[in-house]
Amino acid sequence: MDRTSQRLLKEDRVHGDVMFPLAAYWIELPAGTHVLDTHWHEEAEFFMLLEGEILFQVDTDYFPLRAGEAVFIESGDIHAAYALQDSPCRFCALVFHPDLLASAQYDTIQQTVILPLLEKRQSFPRHLTPEMAWQQELLHHLERLMEAYANKMPGFESFMKGTLLIMLSQIAIEGRSVNHTQSEGADTTKINRLKKVILYIQDNYQEPIRTRDLSELIPMSEGQFCRFFKAMTRKTPVDYINSYRIRQAADLLQQSERKISDIAMDVGFDNVSYFIKVFRKAMKCSPSEFRKGAVQGAGQSQLYP
């Protein structure tokens with residue numbers, strides 16, 4: 001099994017394609033479903049909540065996100081989302097590589113807009129709300145981007161790129177952009193430690209993973225590590241590993257007709273009954289129901305990294 005193709009925390013997958021590195025994902029989750037596990041990627045992302053209310057995490061910052069609001073996630077930012085209410089959740093994620101916006105040659109746009117974005121010196125606010133008129137306009141642009149991507153009319157690619165450039169021009173006005181290089185510092189160590197642990201889980205999820213193995217990566221005492229990990233991800237190491245394995249299993253269940261017991265073993269579970277129990281808790285359905293698509297909306301979260 002190709003582990004590289006299954007990387008969902010720090011992905012190697014291409015969003016869109018080489019010629020147009022942008023993709024949008026619409027996700028609907030039933031009430032009580034976990035929204036988004038901790039992960040990161042090289043691409044930038046706009047995450048717009050369409051229904052429900054969630055707690056969003058970017059690096060070490062947490063804030064509530066309500067329907068009609070959005071988050072901007074920069075390249076390399078650790079992010080996650082957690083349900084705040086026992087109600088359905090619906091969102092759209094627009095993921096793109098900043099190189100999409102680059103000019104063919106080094107020009108004024110590259111110097112004054114694109115490079116500052118890449119270097120995190122002039123970026124979008126993390127939390128966009130309709131309370132401020134100029135942020136509301138950015139949200140309207142996001143809605144138009146989603147509509148254009150969904151319809152994919154001829155020339156939509158130029159509309160997508162042009163609109164993103166217009167959005168960048170709107171934050172060039174003094175007082176609107178955010179310099180995230182100034183906020184880096186003490187939290188960088190925590191973030192890098194967490195990334196190291198997540199990468200280890202990603203590369204070794206098919207094998208037994210002990211909490212002690214993870215704590216020695218940092219290094220910390222086992223107890224200290226468990227407290228650190230829970231504070232950063234809102235999950236115990238065991239729960240996080242299980243959640244990652246379930247997402248791998250969900251991917252395999254959709255892509256093949258292999259036996260459920262074989263898939264359970266392939267993703268690191270040595271007990272099929274326990275695998276089914278954990279899967280049902282996470283996905284609100286059994287593996288066989290998930291494969292058959294018997295539960296509407298179940299399992300869609302793994303389609304979005």
Side-chain angles (χ1 to χ4, degrees), residues 6-11 29 32-41 45 47 53-65 71 73-86 89 120 126-127 180-250 267-271 274-275 277-284 301-302 305:
Q6 297 179 29
R7 291 196 168 196
L8 295 177
L9 292 180
K10 195 282 185 183
E11 314 97 4
L29 300 172
T33 304
H34 178 64
V35 182
L36 195 62
D37 277 336
T38 307
H39 71 290
W40 82 97
H41 38 68
E45 175 182 344
F47 179 107
E53 185 175 355
I54 61 178
L55 181 68
F56 209 93
Q57 173 190 1
V58 181
D59 287 340
T60 56
D61 293 336
Y62 293 81
F63 48 88
L65 191 69
V71 179
I73 301 152
E74 293 186 296
S75 171
D77 281 354
I78 284 180
H79 52 287
Y82 314 92
L84 274 181
Q85 299 178 345
D86 190 20
C89 171
K120 302 186 179 183
R126 278 181 173 166
H127 189 187
H180 286 303
T181 62
Q182 296 176 349
S183 62
E184 296 179 356
D187 288 340
T188 303
T189 300
K190 292 182 179 179
I191 294 165
N192 288 338
R193 284 175 170 175
L194 181 60
K195 285 184 175 181
K196 189 173 184 179
V197 172
I198 288 175
L199 283 173
Y200 181 89
I201 293 170
Q202 168 186 302
D203 288 334
N204 297 277
Y205 71 92
Q206 293 173 305
E207 308 298 331
I209 299 177
R210 300 176 300 175
T211 305
R212 187 196 313 167
D213 298 331
L214 301 178
S215 67
E216 290 175 352
L217 294 172
I218 296 188
M220 289 181 179
S221 70
E222 195 167 345
Q224 185 183 13
F225 167 75
C226 288
R227 291 189 293 272
F228 161 77
F229 193 89
K230 181 74 177 288
M232 292 292 287
T233 68
R234 300 172 68 90
K235 286 187 175 184
T236 67
V238 172
D239 286 342
Y240 188 91
I241 293 167
N242 281 344
S243 180
Y244 183 77
R245 286 169 170 164
I246 291 301
R247 295 205 314 169
Q248 309 304 313
V267 300
F269 288 93
D270 58 7
N271 185 297
Y274 180 63
F275 165 71
K277 178 182 178 181
V278 174
F279 192 99
R280 183 182 290 277
K281 181 179 179 181
M283 309 302 285
K284 308 304 178 186
S301 61
Q302 88 285 347

At what distance, to the nearest 0.5 angstrom, does [atom1] of [X] lie from [atom2] of [Y]?
X      : Y      : atom1 : atom2 : value
Phe56  : Leu84  : CZ    : CG    : 12.0 Å
Ile218 : Asn192 : CD1   : CG    : 11.0 Å
Leu214 : Ile201 : CG    : CD1   : 5.0 Å
Arg234 : Asp37  : CZ    : CG    : 12.5 Å
Glu207 : Tyr205 : CD    : OH    : 10.0 Å
Thr211 : Ile241 : OG1   : CD1   : 6.5 Å

Problem - Sub-4.5 Å side-chain heavy-atom contact between Met220 and Arg227 - result: no
How far apart are the closest heavy atoms of [X] and [Y], and which atoms are they?
X      : Y      : answer
Lys196 : Leu217 : NZ-O, 3.1 Å
Arg245 : Val267 : CG-O, 2.9 Å
Pro64  : Leu55  : N-CD1, 4.0 Å
Ala81  : Val35  : O-CB, 3.4 Å
Trp40  : Ile198 : CZ3-CG2, 3.9 Å
Phe225 : Ser215 : CB-CB, 3.6 Å

Handout entry: Verdict with supporting geometry, Arg193 and Val197, side-chain contact (heavy atoms from CB on, under 4.5 Å)
Key = CA-CA 6 Å; Arg193 284 175 170 175; Val197 172; 5.8 Å; no
Problem - Residues in side-chain contact (heavy atoms from CB on, under 4.5 Å) contact with Glu216, at least two apart in sequence or another chain - result: Arg212
Problem - ring-ring contact (aromatic ring centres under 6.0 Å, His included) partners for Phe63, two or more places apart - result: His127
Would you say the side-chain atoms of [X] pair up with the backbone N or O of [Y], donor to acceptor, closer than 3.5 Å?
X      : Y      : value
Tyr240 : Thr38  : yes
Lys195 : Gly76  : yes
Asn204 : Tyr200 : yes
Gln224 : Cys226 : no
Gln248 : Gln202 : no

Exercise for the section: Please identify each residue that fulfils side chain to side chain donor-acceptor pair (under 3.5 Å) with Gln85, with sequence neighbours left out. Expected result: Glu53
Problem - Carboxylate-amine/guanidinium contact Asp77 Lys120, below 4.0 Å - result: yes
Practice task
Go through His34 and Asp239 one step at a time and tell me if the side-chain contact (heavy atoms from CB on, under 4.5 Å) criterion holds.
Solution key: CA-CA 12 Å; His34 178 64; Asp239 286 342; over 6 Å; no
Handout entry: Audit row: Phe229, Val238, side-chain contact (heavy atoms from CB on, under 4.5 Å) steps and yes/no
Key = CA-CA 10 Å; Phe229 193 89; Val238 172; over 6 Å; no
Exercise for the section: Kindly determine whether Lys235 and Ser243 satisfy side chain to side chain donor-acceptor pair (under 3.5 Å), including the steps that lead there. Expected result: CA-CA 10 Å; Lys235 286 187 175 184; Ser243 180; 3.1 Å; yes
Exercise for the section: I would like to know whether His41 and His79 meet side-chain contact (heavy atoms from CB on, under 4.5 Å); could you show each step before the answer? Expected result: CA-CA 9 Å; His41 38 68; His79 52 287; 3.5 Å; yes
